[in-house]
Asks: 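Pasting a structure below so you can have a look.
Below, each value reflects all heavy atoms present in this structure, side chains not excepted, and no hydrogens, waters or symmetry copies.
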Amino acid sequence: MVKVQSWAIIVFVSTYHQLHHPMYYFLCNFAFLEIWFTTACIPKTVANLVSQSQSISFTGCLLQMYFVFSFGCTEYFFLAAMAYDRYLAVCYPLSYSTIMTSTLSRGLAVALWVGGFLVISVPVPLISRLSFCGSNIVNYFFCDISPWITLSCTDITLVELVCFVLFAIVILGSCVITLISYISIISTLLRIPSAQGWRSFSTCSSHLIVVMIWYYSTIFLHVKPSIKASLELKGMRKRCLYKQTVGLMVDKARY
């Protein structure tokens, strides 16, 4: 269902020339991200649910973790970029077309994709060198970093520190950019006496709802200085599962 909705957005935007604007270009990238994000974890999860073995190789687990978190980090970057795009459109409408050109939007999209994959390239080599000599059961529906590396019989302090710093930069950094953008948008609209300004806000409402769902379901789960502390947030892990399934379909329906 998520893939159908995402492909529908991509085809619809590609078909109608009136929608060939930076906002919809970022939206298509975001929809394409959702396709691969769900592909990285949901099929194997479903296979494990219907299979008796419920197993995955070490290499397969490492690759799944890398792609899930790479796509996830890239989605954070695109949410911030979409917020900044709306900030320029609402706060600087006369200069918007000259600032957010097609060249800039394409270059920004490429940088965001590359950045998302480079971020997770830092902890992956550290995790691949860990030794696992005890239990081999990952207590989660995909190879998440937290429940996986706690199975290691070697010291994971460095991995914990690296993951905390990177996730704090990615999640909180994109959150700050998004928050500042919407504070500026709302303050600008409050100075417009007519209802026209708030009609402009309707172009931001869908994105804002997606941002709230996304950050609410992940920020408290991953930005924890201790991996073991994050594992204690069972309620948050359930919310993350909700984000992986129902939340993704709601995101697309909103757009």
Side-chain angles (χ1 to χ4, degrees), residues 1-40 67-120 170-171 173-186 188-189 197 199-215 243 247-255:
M1 184 62 179
V2 174
K3 292 183 180 181
V4 172
Q5 292 174 327
S6 298
W7 279 118
I9 290 175
I10 295 173
V11 172
F12 186 77
V13 172
S14 301
T15 303
Y16 289 91
H17 186 267
Q18 299 92 324
L19 300 179
H20 290 181
H21 299 289
M23 177 180 71
Y24 297 104
Y25 177 72
F26 290 134
L27 178 58
C28 285
N29 275 270
F30 190 80
F32 190 66
L33 264 172
E34 295 282 25
I35 293 172
W36 288 105
F37 184 79
T38 54
T39 302
F67 283 111
V68 167
F69 280 90
S70 293
F71 292 131
C73 288
T74 308
E75 287 199 18
Y76 280 114
F77 294 154
F78 268 100
L79 286 174
M82 292 166 73
Y84 179 69
D85 175 75
R86 291 299 83 205
Y87 159 74
L88 291 177
V90 174
C91 299
Y92 301 96
L94 299 180
S95 306
Y96 174 73
S97 58
T98 58
I99 298 175
M100 188 58 71
T101 61
S102 58
T103 302
L104 177 60
S105 59
R106 291 192 182 97
L108 183 58
V110 171
L112 297 179
W113 276 94
V114 173
F117 279 80
L118 287 179
V119 167
I120 304 302
V170 172
I171 298 176
S174 61
C175 182
V176 168
I177 293 174
T178 303
L179 184 63
I180 293 176
S181 297
Y182 274 102
I183 289 176
S184 301
I185 289 172
I186 293 173
T188 299
L189 295 179
R199 284 198 296 269
S200 301
F201 186 74
S202 63
T203 62
C204 310
S205 58
S206 298
H207 176 260
L208 185 59
I209 293 172
V210 172
V211 166
M212 292 171 64
I213 294 175
W214 182 265
Y215 283 107
K243 174 64 183 75
L248 292 175
M249 291 186 288
V250 172
D251 292 353
K252 296 297 164 296
R254 291 293 182 183
Y255 283 119

Asks: List the atom of I185, the atom of A83, and the distance in Å for their closest heavy-atom pair.
Replies: CD1-O, 4.4 Å
Asks: What pair of heavy atoms forms the shortest contact from T188 to V90, and how long is it?
Replies: CG2-O, 4.2 Å
Asks: Would you say that E75 contacts E34 through its side chain, given a criterion of any heavy-atom pair below 4.5 Å between the two side chains?
Replies: yes
Asks: Rounded at 0.5 Å granularity, tell me how far SG in C175 sits from CD1 in I180.
Replies: 10.0 Å
Asks: To the nearest 0.5 Å, how far apart are OG in S174 and CG in L179?
Replies: 11.0 Å
Asks: Are V119 and F77 side-chain neighbours, meaning at least one heavy-atom pair lies under 4.5 Å?
Replies: yes
Asks: I need the L112 CG to M82 CE distance, nearest 0.5 Å.
Replies: 11.5 Å
Asks: Return the CG to OG distance between L33 and S70, rounded to the nearest 0.5 Å.
Replies: 10.5 Å
Asks: How far apart are the C-alpha atoms of F71 and F117, what are their side-chain angles, what is the distance that settles it, and do they pass the side-chain contact (heavy atoms from CB on, under 4.5 Å) test?
Replies: CA-CA 7 Å; F71 292 131; F117 279 80; 3.4 Å; yes
Asks: Over all heavy atoms of both residues, which pair between G116 and T74 is shortest? Give the atoms and the distance, please.
Replies: CA-OG1, 3.3 Å
Asks: Taking atom OH of Y96 as the centre, does the number of heavy atoms from other residues, nucleotides or ligands within less than 6.0 Å exceed 12?
Replies: yes
Asks: Has H21 got a side-chain atom pairing as donor or acceptor with S102's backbone, closer than 3.5 angstrom?
Replies: no
Asks: Ignoring hydrogens and angles, write down the donor-acceptor pairs under 3.5 Å from the side chains of residues 22-32, residues two or more places apart or on other chains.
Replies:
residue: N29; atom: OD1; partner: W113; partner atom: NE1; Å: 2.9
residue: N29; atom: ND2; partner: Y25; partner atom: O; Å: 2.9

Asks: Are Y182 and Y87 side-chain neighbours, meaning at least one heavy-atom pair lies under 4.5 Å?
Replies: no
Asks: If every non-hydrogen atom of T178 is compared with every non-hydrogen atom of L79, which pair is closest and at what distance?
Replies: OG1-O, 4.0 Å
Asks: Ignoring hydrogens, what is the shortest heavy-atom contact between T98 and T101? Give both atom names and the distance.
Replies: O-CG2, 3.4 Å
Asks: Looking at residues at least two apart in the chain, or sitting in another chain, which of them share a side-chain hydrogen bond (donor to acceptor under 3.5 Å, both in side chains) with S184?
Replies: none
